[in-house]
Each structure stands twice: as structure tokens, then as C-alpha cells.
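To start, the structure under review is shown below, and the notes come after it.
Reckoned from all heavy atoms, side chains included, excluding hydrogens, waters and symmetry mates. Model, not experiment: these values are computed from the prediction.
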Amino acid sequence: MTRLFIFLSVFIIVSCSQEKKETATFNSAKTLELSVDKTKHTLSVLHEKDSFPRNIPEGKKDWEFVGVNDWCSGFWPGVLWYAYESSGDIAIKEQAEKFTAPIRKIAFSPAQNHDIGFMVYCSYGNGYRLTGNEDYKKVLLSAADTLATLFNPKVGSILSWPEKKAEYSHNTIIDNMMNLELLFWAAKNGGDKKLYEIAESHADVTMKYIVRKDSAVYHLGEFNDETGAFVKGHTHQGYADESMWARGQTWGIYGFAIANRETGREDFLNTSIKLADHFINRLPEDGIPFWDFDDPKIPNSPKDASAAAVAACGMFELANLVKDEKLKEKYNTAATNFVRILSSKEYFSGATNQALLLHSTGHHPKNSEIDVPIVYADYYYMEALLRLKKLEDQAQVAVK
Ligand code: GLY
């Protein structure tokens, strides 16, 4: 208890002085350090085994946990891998390994849904990237094969939610774009080359039917699973079928950027650009989206910090891919702005609770996880901080 009090007091002091500095200059290295320290402290008070932080309900300070089958299980080990990447701290690495281990079974069990990519790539993918552990590679290759079992060649896309087959016989959701990275990776790293074709085809079908003419995206595309024909676009977590659900748009921005990086296809790059520009153009004044851009209750509507964190990562990726220097600057600046605002006292949790970020919205139509910390916001925030820090380090090297 005394240790916690001392930690929180130091954290408040450091955070407050940090906030004062932020008005002058935002310091990504310092914010990353604070985030790592906080993560390390949270680790020291977690007692759960084989379960994973997911959210902090309103009025509470501590993470609520979910089991390994929850779609969010991979994000906490992912946060720990990023914290290890940033600090080189072996104690954090050991914890990252500990929280990664239980996710192994997802790769070797029948596919429940498309979320295998989120669960396994954020945990084992980062773990393999940072350690080269050959066993992690085996898990990743098996996970890719498992995810590919959901591919429907008639439609040309992965069935995202098998449990919703009665409602929409074949459904593909925009979130699923984020799980193609696992397939592209596997095809390049000893897996079946067909995994590349599956990923490319899935991105193609998503671009054709789920990306709308108004430059927003449907959350869910419904297809006839026998003829492959597109039936209709729907929402699930957004305000309405034709509205712009903030996080869905960002899965599209980041997902199509990855699809371009892996295939070199210009149309995927242009799709990511189109979605990013539309997102930037419609942002509210403080630069962080409401949960859905078309909620009629705006401005009395919850924000979604997680969407801003994903957008930051997607736009840093996009900036790496575009050739034009002005465009590079545009997306690096937009991404940096998201990180800077998320690091301000409005969004950075400081000593408020165990999470890094406040104000995310999970599933508004179900009244679930409204305006609370959610673990994937922290995961993409850590990723964005690391990306920004690398960019700043590269710029310094270039100046020297
Ligand atoms: N289903 C993933 C999300 O909530 O964005």
C-alpha cells in the first residue's frame, strides 16, 4: 500500500511537470519512459494468471480481466513487448513471455473468428520480432493457417464472425483488415504462399464493397456465401449503417496501408489515403474523434481515444509508404498530433488508474465500455509512441 502511494505520488508529480512542459514541447522519449514505468508498476500489482487486462470500468482504478479466448487477449502481452522494446528491461520481457504463453492454444484450435490475428500477432508477432524465438515462429505459422480456414473462395474474403452466420451468411468486417498482416508475414516466412493470395483477395473484396463512395467504411459487409454476391453494408458497433464509426475507419486506414506495404498495390495505398484524409477532415476541434462521427448527440457524446491511437499508427505507416515528401509530412504531422493530444492531461491517465489512456469507447450500441480505458488503446498508443521516437531519432541522425 505504502509502495503504491509513493509510486502514485511520484507519478502525479512527474505527470504534472510533464503536462506543464507539454504546452511548450511534447517529449516523446519522456512520455514513453513514463508509460513504461507505469506498465512496470501495474505488472507489480497484478495477480491474475492466464487472464488479461481488458478495460477499467467507470469509477474503478484497476484493470478488469478476460480469458484467453477474448478478442483482446493479445493486447496486454503486446503492451509488454513494446515496453520491453523501449526499455530493454529483462523483467518486463519475462512478463511479456508469461502473458504471451497462454495465447499459444489459439493458434492450434479451430478458428473461432478473424480475431486470431489481433490475439496472436500482437503477442507472438511482437515477441518473435524482438527475440527471434523459433517456437514463437511455429505458433505464428499455425495461427495463419488457422485464420485461413475462414476464407471463402466464392466471396474472396475471410468470414469474420462465424457466430453471426444465421444473421449474415458470409460477413466480413473492416476490423479484419488488421489481421491480414499475419497472413502476409506467414507467406514470407515459410508458410503456404496461398496465404498471400488469401490476404490480397480479402483486401480487394473489402476495398470493392466495404469502402464506400463517401470515403467512409461500412463496419460489416454481408455477402451470399454460396454465390459470393455482395448483399448489403451494415453497422454493428457504429451509430448507423451509413455513419462513420471512428475506430472502423482507422482499422481501414491502417489495414490498407499494410496491404500496400505487402503487395505494392497502388489502389490499396490510395484507399488508405482516401480514408485517412476523410478522417482528418472530419475531426472535431480537439483532434480526437467522437466514437462515431455521425452520432446526432455530438458534442454530448463519448470520445474514442483508441481510434486516435490506431489512426496515429496507420498514418505513421502511411507516411512511410507515400513517395511525395509533402504527403509524408502531412501524415507524420497528423500522426504526431494524435500522439501529442493523447499524451495531454485530457487523455493520458497519469495516476488516475492503471491504464495509459482514458476515454475510449468499445461498443456504444450495446452500451458496453463507454468512455473508459481499454487495453487496445494502450497497445496502439505505445506503438505510436515508439514509431514517433524512432522518427525523431532518425531525424537527429540525419541532422548530424
Ligand atoms: N471488434 C474490434 C473493435 O471493437 O474495434
Side-chain angles (χ1 to χ4, degrees), residues 114 117-118 160 171-181 202-203 205-221 233-260 267-296 298 301-319 321-322 330-331 334-335 337-339 341-342 357 359-365 369 374 376-377 379-381 383-384:
H114 74 104
F118 283 117
S160 301
N171 59 77
T172 287
I173 63 172
I174 188 67
D175 324 25
N176 202 151
M177 282 299 298
M178 292 300 291
N179 295 320
L180 305 184
E181 193 169 14
H202 182 100
V205 167
T206 304
M207 181 173 64
K208 199 160 167 199
Y209 298 108
I210 296 181
V211 175
R212 304 195 308 241
K213 290 202 170 46
D214 67 356
S215 303
V217 296
Y218 289 119
H219 185 187
L220 183 150
H234 300 263
T235 197
H236 187 71
Q237 279 163 259
Y239 171 72
D241 290 348
E242 304 291 329
S243 71
M244 182 163 142
W245 172 46
R247 198 167 53 256
Q249 189 80 4
T250 65
W251 294 139
I253 295 166
Y254 198 178
F256 279 105
I258 292 167
N260 165 261
D267 50 356
F268 292 156
L269 183 69
N270 291 335
T271 301
S272 178
I273 288 174
K274 177 165 103 166
L275 301 183
D277 288 352
H278 195 53
F279 189 84
I280 293 169
N281 291 340
R282 295 196 64 196
L283 282 171
E285 210 172 319
D286 86 340
I288 303 296
F290 292 96
W291 73 282
D292 188 304
F293 285 73
D294 298 300
D295 180 355
I298 288 173
S301 183
K303 294 282 183 139
D304 184 12
S306 77
V310 178
C313 297
M315 290 189 202
F316 278 133
E317 185 68 42
L318 192 49
L321 298 166
V322 289
K330 172 179 174 174
Y331 296 120
N337 274 336
F338 288 124
V339 180
I341 301 164
L342 291 175
L357 292 184
H359 305 311
S360 289
T361 295
H363 197 320
H364 195 280
E369 299 179 317
I374 308 181
Y376 45 82
Y379 173 83
Y380 289 103
Y381 175 64
E383 178 182 323

Just wondering, do V205 and T172 contact through their side chains at under 4.5 Å, heavy atoms?
no

How far apart are the C-alpha atoms of E242 and T235, what are their side-chain angles, what is the distance that settles it, and do they pass the side chain to side chain contact (heavy atoms under 4.5 Å, CB included) test?
CA-CA 8 Å; E242 304 291 329; T235 197; over 6 Å; no

All heavy atoms of L318 vs all of A276, minimum pair found to be CD2-CB, 3.8 Å

Rounded to the nearest 0.5 Å, what separates atom CE in M207 from atom CE in M177?
9.0 Å

Nearest heavy-atom pair of A257 and E317: which atoms, and what distance?
CB-CG, 3.9 Å

Do Y239 and F293 have ring centres separated by under 6.0 Å?
no

Aromatic plane relationship, F256 with F268 - under 30° parallel, 30 to 60° tilted, over 60° perpendicular:
tilted

Say whether, by atom type as modelled, one donor and one acceptor occur between the side chain of H359 and the main chain of K303 under 3.5 angstrom.
no

For A335 and A312, work out which heavy atoms get closest and say how close.
CB-O, 3.4 Å

Atom pair CG (N179) and OG (S160), whose distance is rounded to the nearest 0.5 Å:
8.5 Å

Under a 4.0 Å threshold between the charged nitrogen and the carboxylate oxygen, would D294 count as salt-bridged to R282?
yes

Considering only heavy atoms from C-beta outward, does the side chain of F316 approach that of V339 to under 4.5 Å?
yes

If I take atom CE from residue M315 and atom CG from residue D277, how far apart are they, to the nearest 0.5 angstrom?
8.0 Å

Looking at side-chain heavy atoms only, is the closest gap between L283 and F338 below 4.5 Å?
yes

Do F279 and M244 pass the side chain to side chain contact (heavy atoms under 4.5 Å, CB included) test, and can you show the C-alpha distance, the side-chain angles, and the key distance before you say yes or no?
CA-CA 9 Å; F279 189 84; M244 182 163 142; 4.0 Å; yes

Distance col, row W245:CH2 vs T361:OG1, nearest 0.5 angstrom, shows 11.0 Å

Is the backbone N or O of A240 less than 3.5 Å from a side-chain atom of S243, with the two atoms forming a donor-acceptor pair by type?
yes

4.5 Å side-chain heavy-atom contact, S306 and I374
no

Verdict with supporting geometry, I173 and H236, side chain to side chain contact (heavy atoms under 4.5 Å, CB included)
CA-CA 9 Å; I173 63 172; H236 187 71; over 6 Å; no

Using modelled atom types only, decide if a donor and an acceptor are shared between the side chain of S215 and the backbone of L275 within a distance under 3.5 Å.
no

Could you give the distance from OH (Y376) to CD (E383), rounded to the nearest 0.5 Å?
15.5 Å

Specify whether W291 and H364 have parallel, tilted or perpendicular ring planes, treating 30° as the upper limit for parallel and 60° as the lower limit for perpendicular.
parallel

Backbone N or O of L269 within a donor-acceptor pair of the S272 side chain at under 3.5 Å?
no

Y381 versus L357, closest heavy-atom pair with distance:
CB-CD1, 3.6 Å

Distance in Å, L342 CG paired with N337 CG, rounded so as to fall on 0.5 Å steps
10.5 Å

So do the side chains of V211 and K274 get within less than 4.5 Å of each other, counting heavy atoms only?
yes

Test ring-ring contact (aromatic ring centres under 6.0 Å, His included) applied to F290 - qualifying residues, sequence neighbours left out
none

Does the E369 side chain pair with the main chain of S360, one donor and one acceptor, at a distance under 3.5 Å?
no

